[in-house]
Amino acid sequence: RNILLAQCYDLQMFHEYAEQGDTWLGGKEAFLHNEDLGDSLESVESLNRKHEGFEKTLETQIEKLDVLQQFAGQLTEAGHYRSDTVQERCKQVMERKEQLKQRASGRRKRLEESRSLHQFLRSTYEVLGWINEKMQTALDECYKDPTNLQSKVQ
């Protein structure tokens with residue numbers, strides 16, 4: 001009877017840890033639902049810094065989920081009467097963890113692509129400005145006056 005009572009206690013502890021893991025994962029998944037990739041280079045860089053902080057937090061907190069997996073393994077090895085339930089629940093949490101890691105990696109990649117796009121756009125706008133400036137000079141009608149010819153060359 002004491003063994004059954006201890007196993008019930010361990011099962012409750014496992015469920016509590018799993019629930020905490022699910023709650024934590026839910027909060028992190030909500031962060032990744034943000035599809036904003038920035039509307040300027042500065043905003044993209046700000047989002048990128050936030051995401052880097054998110055990933056650092058993610059890595060340190062994921063270790064707690066690994067402890068949950070170890071606890072599930074210990075319960076199974078000890079011949080827990082609900083080891084099949086424990087393993088199934090652990091599998092669900094670990095799958096969510098992997099999906100979260102993949103989504104975080106995907107968001108990092110999209111932010112990097114957005115950063116490249118905004119850098120390209122900034123360079124393009126600078127070139128367009130230069131072209132427009134040169135076009136004004138080239139289309140100036142005063143080229144017919146030979147005294148202005150030297151200033152056109154410069």
Side-chain angles (χ1 to χ4, degrees), residues 1-139 154:
R1 179 179 168 159
N2 285 338
I3 293 173
L4 183 60
L5 187 59
Q7 286 184 349
C8 288
Y9 176 77
D10 288 341
L11 182 63
Q12 281 305 113
M13 291 300 297
F14 173 79
H15 282 301
E16 179 65 29
Y17 293 150
E19 188 61 35
Q20 288 174 358
D22 274 339
T23 302
W24 180 81
L25 286 168
K28 298 307 174 193
E29 288 167 346
F31 178 84
L32 291 176
H33 278 298
N34 181 4
E35 293 295 325
D36 181 19
L37 296 176
D39 56 1
S40 68
L41 186 57
E42 292 78 18
S43 66
V44 171
E45 288 175 350
S46 173
L47 288 170
N48 203 17
R49 282 190 300 274
K50 287 179 184 177
H51 189 74
E52 286 174 3
F54 169 80
E55 285 187 319
K56 287 178 183 176
T57 302
L58 185 66
E59 286 302 315
T60 59
Q61 294 295 320
I62 279 183
E63 293 172 4
K64 292 181 180 180
L65 295 177
D66 294 337
V67 170
L68 174 72
Q69 189 174 24
Q70 291 171 355
F71 187 43
Q74 290 172 354
L75 293 177
T76 302
E77 287 176 16
H80 194 277
Y81 77 99
R82 298 288 305 266
S83 62
D84 56 337
T85 304
V86 167
Q87 286 301 315
E88 182 60 33
R89 181 76 169 105
C90 183
K91 181 181 172 189
Q92 291 170 351
V93 173
M94 293 302 119
E95 286 173 356
R96 269 184 86 182
K97 175 187 85 165
E98 290 305 316
Q99 289 173 354
L100 182 70
K101 288 170 66 175
Q102 289 174 358
R103 290 184 62 208
S105 176
R107 177 150 172 82
R108 181 180 0 94
K109 183 178 178 185
R110 288 190 307 277
L111 285 169
E112 289 170 0
E113 290 170 351
S114 180
R115 183 175 181 268
S116 295
L117 171 66
H118 286 288
Q119 285 177 330
F120 172 76
L121 289 174
R122 180 178 276 181
S123 298
T124 302
Y125 295 146
E126 289 173 5
V127 168
L128 285 175
W130 180 83
I131 289 173
N132 287 334
E133 179 184 312
K134 297 304 176 187
M135 285 299 289
Q136 286 176 352
T137 305
L139 296 175
Q154 295 173 357

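The structure displayed is predicted, hence computed values, not measured ones.
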Novice: Measuring from L75:CG to T85:OG1, what's the distance to the nearest 0.5 Å?
Specialist: 11.5 Å
Novice: Using the ring of each side chain (for Trp, its six-membered ring), is Y17 parallel, tilted or perpendicular to F71, with breaks at 30° and 60°?
Specialist: perpendicular
Novice: For residues E113 and L37, determine if any side-chain heavy atom of one lies less than 4.5 Å from a side-chain heavy atom of the other.
Specialist: no
Novice: Starting at SG of C8, measure out to CZ of R82 and round the result to the nearest 0.5 Å.
Specialist: 9.0 Å
Novice: For the CG atom on L128, are there more than 12 heavy atoms of other groups (residues, nucleotides or ligands in this structure) within a distance under 6.0 Å?
Specialist: yes
Novice: Is the number of heavy atoms from other residues, nucleotides or ligands under 6.0 Å of R96 CZ greater than 12?
Specialist: yes
Novice: What's the spacing between K97 NZ and K28 NZ if we round to 0.5 Å?
Specialist: 15.5 Å
Novice: Quick check against the 3.5 Å criterion: does R107 have a side-chain atom that pairs as donor or acceptor with the backbone of N34?
Specialist: yes
Novice: Is H80 reaching over with its side chain to a backbone N or O of Q74, donor-acceptor style, under 3.5 angstrom?
Specialist: no
Novice: Taking the side chain as everything from C-beta on, heavy atoms only, tell me whether E45 gets closer than 4.5 Å to H118.
Specialist: no
Novice: Which atom pair, heavy atoms only, marks the closest approach of W24 to L100?
Specialist: CZ3-CD2, 4.2 Å
Novice: Around atom CZ of F120, are there more than 12 heavy atoms of other residues, nucleotides or ligands at under 6.0 Å?
Specialist: no
Novice: So, for L65 and G21, which heavy atoms are closest and what is the spacing to 0.1 Å?
Specialist: CD2-CA, 3.7 Å
Novice: Any idea which heavy atoms bring Y81 and Q7 closest together, and the distance?
Specialist: CD2-OE1, 3.0 Å
Novice: Measure the spacing between CD of Q69 and CD of Q87 and express it to the nearest 0.5 Å.
Specialist: 8.5 Å
Novice: Please report the shortest heavy-atom distance between L41 and Q119, naming the atom on each side.
Specialist: CD1-CG, 3.7 Å
Novice: If I take atom CD from residue E98 and atom NZ from residue K101, how far apart are they, to the nearest 0.5 angstrom?
Specialist: 4.5 Å
Novice: How many angstroms lie between CD in Q102 and CG in L32, if you round to the nearest 0.5 Å?
Specialist: 12.0 Å
Novice: Could you tell me whether the side chain of L11 reaches within less than 4.5 Å of the side chain of H15, counting heavy atoms only?
Specialist: yes
Novice: I need the minimum non-hydrogen distance between D36 and L111, along with the two atoms involved.
Specialist: O-CD2, 4.4 Å
Novice: Say whether, by atom type as modelled, one donor and one acceptor occur between the side chain of N48 and the main chain of V44 under 3.5 angstrom.
Specialist: no
Novice: Are any side-chain N or O atoms of T76 and backbone N or O atoms of A72, one a donor and one an acceptor, separated by less than 3.5 Å?
Specialist: yes
Novice: Quick one, H51 and E55 - any side-chain contact, counting heavy atoms below 4.5 Å?
Specialist: yes
Novice: In terms of side-chain geometry, is the basic nitrogen of R89 or E19 positioned less than 4.0 Å from the acidic oxygen of its partner?
Specialist: yes
